[in-house]
S.K.: 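Starting off with a structure, shown below.
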2 protein chains.
Amino acid sequence: MSTIEDVARLAGLSRTTVSRVLNDHPYVSDEKKKLVQQAMEHLGYVPNSAARSLRNQKSQIIAVLIPKISTPFFSQLIEILEMAASAKGYQLIICQTQFSKQKERSYLNLLKTKQVDGVIMTSIENDWSIIDSYLNYGPIVLCNEVVEQAEIPMVFINQTKSGYMIAKHLLERGHKHIAYCSNGYISEGMTARKEGFIKALAEAGIHFQSKLHFERVSTVNDGKHIFREMENLNICPTAIFTGSDAVAAGIISEAKKAGWSLPDDLAIVGYDNMELTEIIEPMVTTVILPVEEMASKAMDVIYEKIHKKQFRSFEKHEFASKLALRDSTMFRRNLVATS
Amino acid sequence: MSTIEDVARLAGLSRTTVSRVLNDHPYVSDEKKKLVQQAMEHLGYVPNSAARSLRNQKSQIIAVLIPKISTPFFSQLIEILEMAASAKGYQLIICQTQFSKQKERSYLNLLKTKQVDGVIMTSIENDWSIIDSYLNYGPIVLCNEVVEQAEIPMVFINQTKSGYMIAKHLLERGHKHIAYCSNGYISEGMTARKEGFIKALAEAGIHFQSKLHFERVSTVNDGKHIFREMENLNICPTAIFTGSDAVAAGIISEAKKAGWSLPDDLAIVGYDNMELTEIIEPMVTTVILPVEEMASKAMDVIYEKIHKKQFRSFEKHEFASKLALRDSTMFRRNLVATS
DNA sequence: TTGAAAGCGCTAACAT
DNA sequence: ATGTTAGCGCTTTCAA
């Protein structure tokens, strides 16, 4: 492996001049420049990135903290983040926290060791006070999360509006008994979503009963179980917001097995607009998230913070979700008939 | 940010001793060791990874080259790879080639710049001769690909057996007109899969007609189109291997819309065992890949090669796929009836 | 058991 | 326009 020294020697010049050519600095005559380039070419020279990192005090690497990468939403997010990072000359290190506080902290340590120039967090496990202390070492940007007290940039969906929109849609379809699912992950966003949901119901004069809230539901199998549980309620809901397309799929699958007619017997709203929502029968009404926009924004922001060396700043970048109206919440036959 | 120098000064010792404590070297008295640890604690000292990389000539980072991370198979693979890397004290850099030769080369350059200690390739775009030249700079391991001439470790599925098994299954179900889909990506593995498929047919005295080979088919939408195309064939196949669960889903969705009864009118085999295969109607017979085993093996192997500094070695680590038998290839009523 | 000193490969003052 | 030199933070001979 040849070094800048080798190039300099071969070109009959100093390391400085070679470095200048390497970094496109002015004040290098075209003649010497060509000499250097030829030498580089000849030796197959490539600058050593560890040396550069040490000298420049920056690694050109960004860490992305994520609970579990195989979740479709997160893998989509990473896909865009990686493309955006690559376009800006950065590499992306993937850090799966697996919902562990300890793992999250160990990955945040990459900031202290200077292995990364910045961190994008897509979920939060530790108390904010703990995470806050890492801000002395580099910028952190939240993407897909909100922490009110955090003095950092946040890129997020307005979950209050999201929850409100979902409930409103089901109310408009004539539903009064509406169930709500969440995945058990507690965050300000999740709280806001439920608040928005309850607010819409309240405006329609409906009091949300907590027995209609199913917690810790996130997989297809969870959806199947939920359906069984729902069947056993005295008053079975006529609609359900599942919080996840996978859960929606599970419910639908089990409901069909039980001979229910969808959406007449049960209206269903998913979340994330996964591909399968357009494949299963009935096609699932779901929530579309602006994944690309959020990822791009998060990358733009972390880039800016890295370069301004500004680690603390209270910035909110709010995005809105949309509802994809599909068959699983079509007007119900029986309602139409009796109205 | 405090350095090893600061720690040494505060502890009243030399940098050498601090470094020894840091790296668990012998010949440090417990007394001094405690002193150093206290000083580290007090300063919140963390070693700078760029300095370590430069000095040790290794980065503790591995690059994973992947076409597109949001593909379920690849995101599963990455999930396991990341966990395995983390367990061994390595970070993972994600590199999406997006099927571009140029991008692939630029990511392989991470090996030259010493930004990574090794590369795991899950797909190959450039000719082997080009990739081979990077072996002078570090180890490369193939995971999910085979290149016969490549002098490096390869972790892969025996695609010949895979294709053979699929065809055999459909033949046993009484099918004679069987269609075959591929995603247009050309590799030795894909070639082998088709060969195995054709071999099984040949053994049953069936000549595979190339008009039953649909190329460049990989998405749900492609599946929908394929169904339309198939309908228009003089002799419509009674079974189809789709090469992808997404394609299978598309075909099923469109076939049902057209009023076909599945699997009676058309038997379908998917690939990858994605979650949706158990959700859609009928549940899809598909191929299960040992993703975890392959990922773990790939990580073990690259780790070994990094530490042995052995960049060339002809090693094949072969795995087998399994068939998940489900409703989409159940015995056909009409066949049973007429038999 | 501990320390002094050299050096990994690069960049940027500073000098010329 | 080009070169000299110091130093980023760490580890490792080598010497004591």
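A note on names: the letters A, B, ... follow the listed sequences, proteins ahead of strands, and every chain is numbered from 1.
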S.K.: Would you say the side-chain atoms of A:Gln96 pair up with the backbone N or O of A:Ile69, donor to acceptor, closer than 3.5 Å?
M.R.: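 Side chain of A:Gln96 to backbone of A:Ile69, a donor-acceptor pair under 3.5 Å: yes, one is there.
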
S.K.: Can you tell me the distance, in whole Å, between the CE atom of A:Met40 and the C1' atom of C:dG9?
M.R.: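 Taking CE of A:Met40 and C1' of C:dG9, I get 13 Å after rounding.
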
S.K.: Apply the test side-chain contact (heavy atoms from CB on, under 4.5 Å) to residues A:Leu108 and A:Ile140: give CA-CA distance (whole Å), side-chain angles for both, the deciding distance (0.1 Å), then the verdict.
M.R.: CA-CA 9 Å; A:Leu108 283 169; A:Ile140 299 175; 4.0 Å; yes

S.K.: Write down the distance between NZ (A:Lys34) and P (D:dA1), rounded to a whole number of angstrom.
M.R.: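 So the NZ-P distance, A:Lys34 to D:dA1, works out to 16 Å.
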
S.K.: Tell me whether the NZ or CZ atom of A:Lys112 lies within the 45° cone about the ring axis of A:Tyr134 and under 6.0 Å from its centre.
M.R.: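 Verdict for A:Tyr134: a cation-pi partner in A:Lys112.
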
S.K.: Polar pairs (N or O, both sides) under 3.5 Å between protein and nucleotides 6-8 of chain D?
M.R.:
| unit_1 | atom_1 | unit_2 | atom_2 | d |
| --- | --- | --- | --- | --- |
| D:dA6 | N6 | A:Arg15 | NH2 | 3.4 |
| D:dG7 | N2 | A:Arg55 | NH1 | 3.2 |
| D:dC8 | O3' | A:Gln57 | NE2 | 3.1 |

S.K.: Tell me, do A:Met1 and B:Lys114 make a side-chain contact under 4.5 Å, heavy atoms counted?
M.R.: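 Counting from C-beta outward, A:Met1 and B:Lys114 do come under 4.5 Å.
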
S.K.: With sugar-phosphate meaning primed atoms plus P, OP1 and OP2, does A:Pro47 contact a base, only sugar-phosphate, or nothing at under 4.0 Å between heavy atoms?
M.R.: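 Sugar-phosphate: the residue A:Pro47, judged by heavy atoms under 4.0 Å, touches backbone atoms but no base.
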
S.K.: Write down the distance between OH (A:Tyr27) and P (D:dG3), rounded to a whole number of angstrom.
M.R.: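 Atom-to-atom, A:Tyr27 to D:dG3, this comes out as 17 Å.
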
S.K.: A:Asp30 CG to D:dT2 C1': how many Å, rounded?
M.R.: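 Rounded to the whole Å, the gap is 15 Å.
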
S.K.: Over how many whole Å does the gap from B:Arg20 atom CZ to C:dT2 atom C1' extend?
M.R.: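 Rounded to the whole Å, the gap is 6 Å.
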
S.K.: State whether B:Arg9 and B:Asp6 are salt-bridged, where the test is any N-O pair (Lys NZ or Arg NE/NH1/NH2 against Asp/Glu carboxylate O) under 4.0 Å.
M.R.: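 Salt bridge present between B:Arg9 and B:Asp6.
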
S.K.: Using 4.0 Å as the upper bound for N to carboxylate O, is an ion pair formed by A:Lys101 and A:Asp127?
M.R.: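 So A:Asp127 does not pair with A:Lys101 through a salt bridge.
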
S.K.: Classify the side chain of B:Thr16 versus the base of C:dA4 as yes if they form a donor-acceptor pair under 3.5 Å and no if they do not.
M.R.: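 Answer yes: a donor N or O sits under 3.5 Å from an acceptor.
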
S.K.: Between C:dC8 atom C1' and B:Ile4 atom CD1, what is the distance in whole Å?
M.R.: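 The answer, rounded to whole Å, is 15 Å.
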
S.K.: At less than 4.0 Å, is any side-chain N or O atom of A:Lys32 found next to OP1 or OP2 of D:dA1? Yes or no.
M.R.: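 No, A:Lys32 has no side-chain N/O under 4.0 Å of OP1/OP2 on D:dA1.
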
S.K.: To the nearest angstrom, how far is B:Leu43 atom CG from D:dG9 atom P?
M.R.: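 Distance check: B:Leu43 CG to D:dG9 P gives 14 Å.
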
S.K.: Any side-chain heavy atom of A:Leu65 within less than 4.5 Å of one from A:Glu125?
M.R.: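 Of all side-chain heavy-atom pairs linking A:Glu125 with A:Leu65, none is under 4.5 Å.
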
S.K.: Considering residues at least two apart in sequence or located in another chain, which fulfil the side chain to side chain contact (heavy atoms under 4.5 Å, CB included) criterion with B:Leu10?
M.R.: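 For B:Leu10 the side chain to side chain contact (heavy atoms under 4.5 Å, CB included) partners, ignoring immediate neighbours, are B:Ala39, B:His42, B:Leu43.
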
S.K.: Check whether any side-chain heavy atom of B:Asp300 sits under 4.5 Å from a side-chain heavy atom of B:Lys88, and report yes or no.
M.R.: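 In contact.
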
S.K.: Could you tell me, to 10°, how much the axis swings from one end of the helix from C:dT1-D:dA16 to C:dT16-D:dA1 to the other, five pairs per end?
M.R.: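 The value is 40°.
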
S.K.: Grab the CE-C1' distance between B:Met1 and D:dG9 for me, whole Å please.
M.R.: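 B:Met1 atom CE is separated from D:dG9 atom C1' by 11 Å.
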
S.K.: Report the residue (A:Asn23 or B:Thr17) whose heavy-atom-nearest nucleotide on DNA chain C is the more 5′ of the two.
M.R.: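 So the residue in question is B:Thr17.
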
S.K.: Base of D:dT12, side chain of B:Ser19 - is there a donor-acceptor contact under 3.5 Å?
M.R.: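 By the distance-only test, no, there is no pair.
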
